[in-house]
Protein chains: 2
Amino acid sequence: MNTVTIQDIAKAANVSKSTVSRVLNGTATVAEDKKKAVLEATKRLGFQPNIVARSLAKGRSMTIGVLTQLIGSPFYDTVAQGVIIGLRDTGYSPIFVDGQWQKNSEVEAIQALLGRRVDGLVLIGGGVAENEITQLCGSTPAVIVARKLNSESHRTIHMDNVDGGYRATRHMIEKGHQRIAIIKGLGHHPDAIDRFEGYRKAHQEAGLDIDPGLVLEGDFSADSGVAGVDKLLAEKTLFTAVFAANDMTAFGARLALYRKGIRVPGEVSLIGFDDQMEATYSTPPLTTVRQPAREMGQQAAHAVAALIDGEEFESQCVHGELVLRESVAPPPAD
Amino acid sequence: MNTVTIQDIAKAANVSKSTVSRVLNGTATVAEDKKKAVLEATKRLGFQPNIVARSLAKGRSMTIGVLTQLIGSPFYDTVAQGVIIGLRDTGYSPIFVDGQWQKNSEVEAIQALLGRRVDGLVLIGGGVAENEITQLCGSTPAVIVARKLNSESHRTIHMDNVDGGYRATRHMIEKGHQRIAIIKGLGHHPDAIDRFEGYRKAHQEAGLDIDPGLVLEGDFSADSGVAGVDKLLAEKTLFTAVFAANDMTAFGARLALYRKGIRVPGEVSLIGFDDQMEATYSTPPLTTVRQPAREMGQQAAHAVAALIDGEEFESQCVHGELVLRESVAPPPAD
DNA sequence: ACACACTTTGAAACCGGTTTCAATCGATTA
DNA sequence: TAATCGATTGAAACCGGTTTCAAAGTGTGT
């Protein structure tokens, strides 16, 4: 192992540990010749400072703890990627713990992170109670991404899902649709609830009643998209459009429609949510509400870094952007 | 901050630091009453051991460095996820560094990881020279995933891409296709080269010549799939099937075909590579060669853990499995 | 030439744990 | 009763850096 320490450098350069440290960190002025000697020895011996030791001494680990939700959701994964990217030039490295860590889950995961003395925390989604977060984190700066909190007690970066659902639905209504089915996301998931609320709001605003038969349960999976459409068809519910809780669900719905030979958007229009990469290339390309997942992750990364440096950071509420592609058209003349 | 140290516990329980450490780690037998006192104090004061300090003292950081390639490839991302999952119950936490880290890239990234005194390394893909890896890692156990190495000097978990390309191509040949276009991956990428080699091999075995006009350059992106098919069509090259270097490229090809009103698999068959989640739900569901990305990541995680514990681990060469769905059919009778 | 301020430097303390080492103790054995 | 042994325990060294502090060296003003 490359186990050359600062002590070895000191000996080689004929100075003290302290001086080596000062040269390497630029903490104080050091005579030119000694500085040169230290630098030379550092290079020659291939010295690599032990970050663990440095962390202990400085009380800062240059590490950001990231709590992820590996539910296989492309959205959350992309947020996590954004965090990695956003941390690139900050000097901090992300350390990941999965929310579904063993049975103990999130709280334990956060504790594990804290035990590692991370300098900051990025919590992606998740469901720990807010006050519990407060209590756990103590004075460690934390940013919560992709999750709406009720109180203002934490900084968050999240999307306005009500608005997103509203825009998606209104778009279809404007195209002339009156019977828009919705395949909802996971029942208790706040995002799912909000998107549905947006759907409701758009109907209300347009003076349209919602036929309960058009409201299907789902769980953000493609399978639930298939199931939703199949149910609609089996029950012979009339519908000219489908609002899927996310793109995966939309893909599932698309497939179910394809199997029955129902044309999209000719006979049924389809809209998704997320704008994951594949949406651009589905057939037809999927109209959807874009969630800037990567950007949110990046922003969160910058935010913790800023917080650690004592700067302030305001919670952000991003608005989804409707990405018009080809899966929505006016309903068939009939 | 929750800055209660082992010293505080010692004082509270009226014993020495050493004893507290012994109780907490079970390193030695401790009198029942003292043990109880320590445990009680630990709980009461809410003690959380400082892992940084422990790491320094023990010389082990309980951290695994993971080098990722955030090129937005679903495949690599899934491997990374697999690593997180595989590390769940091992006590190790993964710390991530992106290969495209600053301009300096991979070598610097690995050094950063090593500076953090990671106990092991998982390198996902990447292109650092093999001997450089050897030299860098020294005695730190390392596993390379999703990359073929020429020498046996490192443990790797990778897929036989020649075989994968061969199987895909042979499948189409067996279905009766004679003019199979291929949209290749990134020119210099070993996986791309190997898959093409498999394509070649299958043709050779079947006594089929390869029309150079059927071989298109690509870069693993969906766009290159679109471009490939467009080129084929523009040049009026005859073809009844397309082998795309990966699923994303296949999706792009699918879209280009869709735009021209060419039916899949009625008029043209299509096969991909990877079996990413969306392949199941594309229209039609995509026949593809499955790369067990998540499993490979998990295996790699287990492998480093094993190596650290002194166990041995043999390099693994996984074989891709042909996943038959609906995008391949016999060529049209014509 | 002398006092005073400022710069450079090394010794030592410290961060919070683990581990070695030697001392103490009760119990067993001769 | 003395000697030996094993089990407990605390003091101190250690991991590899950073930082404080005081001493030594330099230069300036009078």
Below 3.5 Å between N/O atoms, which protein atoms pair up with nucleotides 5-7 of chain D? Just atom names and distances, please.
none

Can you pull the salt bridge (charged side-chain N to carboxylate O under 4.0 Å, His left out) pairs that have at least one residue in residues 143-153 of chain B, sequence neighbours excluded? B:Lys148-B:Asp194

In terms of side-chain heavy atoms, does A:Ser18 have a donor or acceptor partner in A:Ser21 at a distance below 3.5 Å? no

B:Thr68: what forms a side-chain hydrogen bond (donor to acceptor under 3.5 Å, both in side chains) with it, not counting sequence neighbours? none

Within residues 48-70 of chain B or reaching into it, pairs that qualify as salt bridge (charged side-chain N to carboxylate O under 4.0 Å, His left out) - sequence neighbours excluded: none

List for me each residue that meets side-chain hydrogen bond (donor to acceptor under 3.5 Å, both in side chains) alongside A:Thr29, sequence neighbours excluded, and say none if there are none. none

Could you note down all residue pairs passing salt bridge (charged side-chain N to carboxylate O under 4.0 Å, His left out) where residues 40-53 of chain B supplies at least one of them, sequence neighbours left out? B:Glu40-B:Arg44

Under 4.0 Å protein heavy-atom contact, by nucleotide of nucleotides 14-25 of chain D - B base, S sugar-phosphate only: -BBBBBB-----

Between B:Lys34 and D:dT9, is there a side-chain N or O to OP1/OP2 distance below 4.0 Å? yes

By ring pair (Phe, Tyr, Trp, His ring centres under 6.0 Å), B:Phe75 pairs with (sequence neighbours left out) none

Looking at B:Thr19, I'd like to know whether one of its side-chain N or O atoms comes within less than 4.0 Å of OP1 or OP2 on D:dT9. no

Scan residues 298-313 of chain A for pairs that pass salt bridge (charged side-chain N to carboxylate O under 4.0 Å, His left out), counting only residues two or more places apart or in two chains. A:Arg155-A:Glu312

Residues forming a side chain to side chain contact (heavy atoms under 4.5 Å, CB included) with A:Ser61, sequence neighbours excluded: A:Ser55, A:Thr63, A:Asp119

Find the bend of the helix from C:dA1-D:dT30 to C:dA30-D:dT1 as the angle between its two terminal axes (five pairs each), to the nearest 10°. 50°

B:His189: what forms a ring pair (Phe, Tyr, Trp, His ring centres under 6.0 Å) with it, not counting sequence neighbours? B:Phe220

